[in-house]
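Numbers here simply count residues along the sequence, with the first being 1.
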Amino acid sequence: MKRYWMAALLSCALAATTAAQERREFGVLVMAHGGGERWNREVAQTLEPLRAEQPLEIAFGMADAGSLQAAVDRLEAQGARRIAVVRLFVSGESWRERTRQILGLAPGAPPRPADDARAAHAAHGDHAMAFWRIDGDAAFALSVEGLMDAPEMGEVLAARARELSVDPTREDVLVLAHGPEDDAENARWLARIDARADAIRRTAPFRRVQVETLREDWPEKRAAAEARIRAFVRRAREEGGRAIVIPFRVQGFGPYRRVLEGLDYVADERGLVPDRRVADWVRRQAAALRGELDDADTATARGSSL
């Protein structure tokens with residue numbers, strides 16, 4: 001009997017050790033656009049609970065090989081050999097192919113410069129981002145969804161609307177997002193964010209719920225967008241109610257205060273973070289990517305045994 005209990009205890013200890021090792025060998029790398037001190041801090045605070053579950057690092061800078069390399073290095077130093085890369089962007093299309101190249105999941109990125117890691121850059125607007133295939137031994141899986149595809153973000157929008165609402169039958173809700181340059185891509189943004197805005201429509205009988213993109217970086221398209229946005233907010237007041245403005249941004253209110261200057265509206269100026277549901281989404285993405293990595297390991301093992 002004593003030997004039985006000793007064997008059982010040893011088995012439990014071995015299982016716990018194996019689980020801990022597997023936990024260390026799996027890591028999560030979250031890619032984020034990055035911004036000012038508050039932007040970065042609120043993203044980091046939102047994701048902090050996930051660090052207790054597995055190694056986690058954040059690479060700010062959109063799809064910059066330098067920040068990605070540093071994050072991978074930190075994860076590998078913690079023992080991670082399989083890494084789920086979750087892109088914390090509004091659109092799942094943002095930087096996806098470039099990131100695949102940097103991670104070595106697709107051809108196209110040159111090797112990392114041996115003499116100076118900052119030598120290879122690719123310009124994008126006002127941003128200069130390093131572009132090379134990162135060094136490392138880890139296997140990667142890359143997320144496909146953007147926040148606009150996440151049901152959890154509908155819950156965030158609905159919660160914001162409830163908090164700001166006084167009389168929904170006299171209130172119009174405007175959900176504002178950055179928006180891309182391409183018209184077809186912008187139409188996809190509007191449709192997907194509008195699907196998230198359905199959660200607002202279900203939560204209370206608001207008079208109107210509308211999604212707009214500002215097309216922030218393209219002056220000609222932005223001018224038309226600003227006119228539509230201001231007209232929507234103005235109409236709410238003219239019809240004896242008010243407008244509630246909710247940004248569909250990772251963090252903060254962006255340029256919307258200036259765009260809406262002189263108009264009567266209510267907003268808490270919070271983006272999608274800080275909110276625990278953003279962490280829930282990252283957790284869900286990471287779990288799905290871990291499954292992909294497990295399947296790849298199983299397929300490799302089967303191939304080796306043939």
Side-chain angles (χ1 to χ4, degrees), residues 21-35 40 43-44 47 50-51 54-146 180-182 185 217 250 282 285-286 288-304:
Q21 182 177 358
E22 289 179 352
R23 174 185 172 277
R24 288 193 301 271
E25 289 181 350
F26 175 73
V28 178
L29 193 167
V30 177
M31 295 174 61
H33 183 292
N40 295 353
V43 168
L47 300 179
L50 303 183
R51 293 185 186 277
Q54 67 272 305
L56 180 142
E57 296 292 338
I58 304 172
F60 292 109
M62 293 181 288
D64 172 63
S67 63
L68 286 167
Q69 181 74 66
V72 168
D73 289 347
R74 293 193 298 270
L75 286 169
E76 290 191 334
Q78 297 174 66
R81 295 297 176 263
R82 301 183 304 150
I83 298 176
V85 182
V86 180
R87 295 172 305 124
L88 190 67
F89 301 139
V90 169
S91 172
E93 299 179 53
S94 297
W95 309 106
R96 185 166 187 265
E97 187 58 28
R98 177 189 173 95
T99 304
R100 292 183 71 238
Q101 294 170 347
I102 291 172
L103 297 176
L105 298 174
R112 180 181 180 179
D115 55 341
D116 184 354
R118 296 167 298 176
H121 283 77
H124 175 77
D126 295 330
H127 306 287
M129 300 185 295
F131 182 64
W132 68 71
R133 187 177 64 254
I134 63 173
D135 295 329
D137 299 321
F140 299 101
L142 183 64
S143 67
V144 175
E145 277 191 18
E181 178 182 19
D182 181 76
E185 185 180 356
D217 299 326
V250 174
V282 172
Q285 296 296 302
L289 295 173
R290 184 171 189 168
E292 290 183 20
L293 290 165
D294 289 343
D295 290 345
D297 286 347
T298 299
T300 299
R302 286 175 179 170
S304 300

Atom pair CD (Glu145) and OG (Ser91), whose distance is rounded to the nearest 0.5 Å:
11.5 Å
Contact check, side chains of Ile134 and Arg112, non-hydrogen atoms, under 4.5 Å:
no
Measure the spacing between CD of Glu97 and CG of Leu105 and express it to the nearest 0.5 Å.
9.5 Å
Please tell me if the side chains of Ser143 and Leu289 come closer than 4.5 Å, counting only heavy atoms from C-beta onward.
yes
Indicate the atoms forming the closest heavy-atom contact of Ala80 with Gly27, along with that distance.
CB-N, 4.0 Å
Where do Met129 and Ala63 come nearest, in terms of heavy atoms and distance?
SD-N, 3.8 Å
Going by heavy atoms in the side chains, are Val144 and Arg96 under 4.5 Å from each other?
yes
About how many Å separate CZ of Arg81 and CG of Leu75, when rounded to the nearest 0.5 Å?
10.0 Å
Holding to side chain to side chain donor-acceptor pair (under 3.5 Å), I want the full list of residues that pass it with Glu181, two or more places apart in sequence or in another chain.
Trp218
Could you tell me which residues satisfy side chain to side chain donor-acceptor pair (under 3.5 Å) with Glu93, sequence neighbours excluded, listed by chain and number?
Arg188
Would you please name every residue forming a side chain to side chain donor-acceptor pair (under 3.5 Å) with Asn40, sequence neighbours left out?
none
Do the side chains of Val28 and Ile83 get nearer than 4.5 Å, heavy atoms only?
no
Calculate, to the nearest 0.5 Å, the distance between atoms OG and CE belonging to Ser67 and Met62 respectively.
9.5 Å
Verdict with reasoning, Leu29 to Val86, per side-chain contact (heavy atoms from CB on, under 4.5 Å)
CA-CA 6 Å; Leu29 193 167; Val86 180; over 6 Å; no
Flag side-chain contact, heavy atom, 4.5 Å: Leu68 against Met31:
yes
Inter-residue atom distance Gln78.CD - Leu56.CG, 0.5 Å rounding:
9.0 Å
Check: Phe140 and Leu293 side chains under 4.5 Å, non-hydrogen atoms
no
Can you tell me how far apart CD1 (Ile102) and CH2 (Trp132) are? Round to the nearest 0.5 Å.
8.5 Å
Minimum-distance pair of heavy atoms, taken over all atoms of Arg74 and Ile58
NH2-O, 3.3 Å
Mind listing the closest non-hydrogen atom pair of Gly66 and Ala130 along with its distance?
N-CB, 3.8 Å
Of the non-hydrogen atoms in Asp137 and Glu76, which two are nearest, and what is the gap between them?
N-OE2, 2.8 Å
Smallest separation among heavy atoms of Ala109 and Arg133, with atom names
O-NH1, 3.3 Å
Against the six-membered ring of Phe26, is Arg290 placed for a cation-pi contact (under 6.0 Å from the centre, within 45° of the normal)?
yes
